[in-house]
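Report on the following structure.
Chain naming here is simple, since letters A, B, ... match the order of the sequence lines and numbering starts at 1 in each.
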2 protein chains.
Amino acid sequence: MQIVRKNLTFQLDKPILYMMTKKRRRLLELLQESVQPLSAQQVYEQMEESLDMATVYRGLKYLEEAGEISSFLLDCSERGVERYYSQSSSCHRHFLHCVSCHSFTSLNECPLGSLEKIEKETGFRVEEHYLTLKGTCEKCQINVRGK
Amino acid sequence: MQIVRKNLTFQLDKPILYMMTKKRRRLLELLQESVQPLSAQQVYEQMEESLDMATVYRGLKYLEEAGEISSFLLDCSERGVERYYSQSSSCHRHFLHCVSCHSFTSLNECPLGSLEKIEKETGFRVEEHYLTLKGTCEKCQINVRGK
DNA sequence: AAAAATATGCAAATCGTTCGCAAAAATTTG
DNA sequence: CAAATTTTTGCGAACGATTTGCATATTTTT
C-alpha cells in the first residue's frame with residue numbers, strides 16, 4: 001500500500017482525492033493483514049490503539065469509497081446481519097461462509113459465468129455482483145463426523 | 001396455494017406442522033401476486049387490511065421457515081439495508097436490482113456454474129447461495145440517454 | 001506558525017427488526 | 001358445541017448495527 005496524501009491520489013478514472021490519516025491507515029492495515037473479512041465490530045475489537053466505534057464506521061466507509069476495501073452483507077446465525085469488510089485485492093473476491101464455525105474461505109475465482117447472456121436476456125447493464133455461498137467447511141464436516 | 005391446517009402440512013422430508021391463519025395467508029398471497037420481491041415495509045404498506053408491523057415480521061419469518069417464501073438482503077441506495085421477500089417458486093431465484101429505479105428483474109436461470117469444482121477446491125460443502133446483481137435496467141438506460 | 005479544512009470522540013439519534021405481555025383467534029378436548 | 005388449551009396478534013418498549021451533531025483534535029493549506 002502506498003502512503004496517500006490529499007490531492008495526490010487517484011482511483012479509477014475520475015480523480016478522488018483523499019486523505020490517509022493514521023487511524024485510517026491502521027484500519028486498512030488490519031484488513032490487509034486479515035485473512036478473513038471482518039465486521040466493524042471485529043475491526044474495533046482487534047484494534048490495539050483505541051478508536052471510537054463511530055470512527056471505525058466512518059473510516060471503513062471512507063476507505064471503501066476510496067476503493068481500498070470492499071464490503072458485503074452477511075446474515076450469520078451467530079452474529080446476525082452485519083457488513084463485512086476486506087481489502088480490495090487485485091480482482092474482486094467472493095467468500096464461502098461456514099454456517100458452523102462462521103469462518104470465511106476465499107474463492108480463487110468467480111464462479112459466475114458470463115454476464116453477457118444475462119444482459120442480453122434482460123436488457124440490464126450489470127455493474128456489480130455479490131455472491132454469498134453458505135455451507136460447511138472441511139474442518140466442521142470432520143468435527144461433526146467425529147462426534 | 002393450498003389451504004394449510006395444523007398437523008396436516010409437511011414440507012421437505014421432515015414434517016413441519018404449521019398453521020395458516022388469515023393474516024399469514026394474506027401475506028403469502030401478496031407475495032405471490034407481486035412480481036417484485038418486497039421488503040417488510042412494502043408488504044406492510046401494500047396490505048389493505050390492517051396488520052401490525054410486528055405481525056408482518058413474524059408472519060414473514062414463519063412463512064420462510066415453512067418454506068413458502070424466501071428472502072435475501074439488499075443494500076439499496078434509496079432504501080438502505082433491508083430484507084426482501086418473494087414466494088419460493090418451483091426453483092430458487094436470483095434478481096437483478098436496478099440502482100436507478102430500484103426495481104427488481106428476475107433471472108430465468110441461475111448463472112452459477114457447477115459448485116462441485118468449488119467444493120473440491122475448498123473442501124466446503126455448499127448448502128445455499130445468494131447472488132445479487134446490481135446494474136441499470138433497460139428503461140433507466142433509455143431514460144438517461146434521453147436526457 | 002497561523003488559518004482553514006477535515007477527522008475524531010462522545011453521546012444521542014436512527015432504522016430495521018425483535019421481544020414481552022395481555023388480549024384475540026384458532027385448535028383441541030370432553 | 002362449549003370449555004380448556006395453544007398459538008397468534010397488537011402494542012409499546014427494547015435491541016443491535018450504523019449514523020449523526022457537535023465540540024475538540026489533527027491534518028493540510030497558506
Side-chain angles (χ1 to χ4, degrees), chain A residues 3-9 15-28 30 37-66 68-69 71-85 102, chain B residues 3-9 15-28 30 37-66 68-69 71-85 102:
Chain A
I3 292 177
V4 181
R5 312 196 53 231
K6 200 176 173 186
N7 284 331
L8 286 176
T9 300
I16 301 172
L17 46 158
Y18 69 102
M19 200 192 284
M20 185 62 83
T21 62
K22 279 181 203 158
K23 313 242 166 185
R24 285 180 186 155
R25 186 170 302 117
R26 271 313 292 137
L27 286 175
L28 181 53
L30 196 69
L38 301 174
S39 69
Q41 184 59 41
Q42 292 172 320
V43 166
Y44 177 76
E45 286 162 8
Q46 293 188 23
M47 277 300 227
E48 60 299 331
E49 94 187 83
S50 94
L51 194 50
D52 191 77
M53 200 63 204
T55 307
V56 171
Y57 277 109
R58 278 190 281 228
L60 291 173
K61 173 176 282 190
Y62 190 90
L63 290 169
E64 185 163 21
E65 277 165 9
E68 297 283 349
I69 64 177
S71 74
F72 58 92
L73 291 171
L74 181 83
D75 185 4
C76 165
S77 61
E78 186 166 85
R79 300 196 280 248
V81 175
E82 281 184 309
R83 187 176 289 277
Y84 288 80
Y85 300 84
H102 309 292
Chain B
I3 293 176
V4 181
R5 312 197 54 233
K6 200 176 175 186
N7 284 330
L8 286 176
T9 299
I16 300 173
L17 45 158
Y18 69 104
M19 200 192 285
M20 186 62 84
T21 63
K22 280 180 203 158
K23 314 242 165 187
R24 284 179 187 155
R25 186 171 300 115
R26 272 311 294 137
L27 285 176
L28 181 53
L30 196 69
L38 301 174
S39 69
Q41 184 60 41
Q42 291 173 320
V43 166
Y44 177 77
E45 285 162 9
Q46 294 188 22
M47 276 301 229
E48 59 299 329
E49 93 186 84
S50 93
L51 194 51
D52 190 79
M53 200 64 205
T55 308
V56 171
Y57 277 109
R58 278 190 282 229
L60 292 173
K61 173 177 282 188
Y62 190 89
L63 290 169
E64 186 163 20
E65 276 165 10
E68 297 282 349
I69 63 177
S71 74
F72 58 92
L73 291 171
L74 181 81
D75 184 4
C76 164
S77 62
E78 186 165 85
R79 299 197 281 250
V81 175
E82 280 183 309
R83 187 175 289 278
Y84 288 80
Y85 300 84
H102 309 292

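Atom CZ in B:Arg25 sits 6.0 Å away from atom CE in B:Met20 (nearest 0.5 Å). Going from atom OH of B:Tyr57 over to atom OH of B:Tyr44 covers 11.0 Å, rounded to the nearest 0.5 Å. From B:Ile69, atom CD1 reaches atom CG of B:Leu60 across 4.5 Å, with rounding to the nearest 0.5 Å.
A side-chain donor-acceptor contact under 3.5 Å links A:Glu45 and A:Gln41. For the residue pair A:Glu82 and A:Tyr84, a side-chain donor N or O sits within less than 3.5 Å of a side-chain acceptor on the partner.
Under the 6.0 Å distance and 45° angle rule, A:Arg83 does not count as a cation-pi partner of A:Phe72.
Counting only heavy atoms from C-beta outward, the side chains of A:Leu74 and B:Leu73 never approach each other to under 4.5 Å. The shortest side-chain heavy-atom distance between A:Met19 and A:Arg24 falls under the 4.5 Å cut-off.
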Dump the pairs, protein N or O against N or O of nucleotides 16-19 of chain C, anything under 3.5 Å, distances to one decimal.
residue : atom : partner : partner atom : Å
C:dT17  : OP1  : B:Arg83 : N            : 3.1
C:dT17  : OP2  : B:Tyr57 : OH           : 2.5
C:dT17  : O5'  : B:Tyr57 : OH           : 3.3

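If you measure from atom NZ of A:Lys22 to atom C1' of C:dT6, you get 15 Å, rounded to the nearest angstrom. Going from atom CE of B:Met20 over to atom C1' of D:dT7 covers 15 Å, rounded to whole Å. In this entry the distance linking CG of B:Leu60 with P of D:dT8 reads 14 Å, nearest Å. Atom CE in B:Met47 sits roughly 14 Å away from atom C1' in D:dG10 (whole-Å rounding). Here D:dT19 presents its P atom at 16 Å from OH of A:Tyr44, a figure rounded to the nearest Å. Rounded to whole angstrom, the span from the CG atom of A:Leu38 across to the P atom of D:dA17 amounts to 15 Å. Taking atom NZ of residue A:Lys23 and atom C1' of nucleotide C:dG9, one finds them 9 Å apart after rounding to whole Å. Between the CE atom of A:Met19 and the P atom of D:dA25 there is a distance of 18 Å, rounded to whole Å.
Partner of B:Lys23 under the side chain to side chain contact (heavy atoms under 4.5 Å, CB included) criterion, out of B:Met47, B:Glu49, B:Arg58: B:Glu49 alone.
Considering only side-chain N and O atoms, A:Thr21 lies under 4.0 angstrom from the phosphate OP1 or OP2 of C:dT8.
Taking the screw axis at each terminus of the helix from C:dA1-D:dT30 to C:dG30-D:dC1 from five consecutive base pairs, the angle between the two is 30° to within rounding of 10 degrees.
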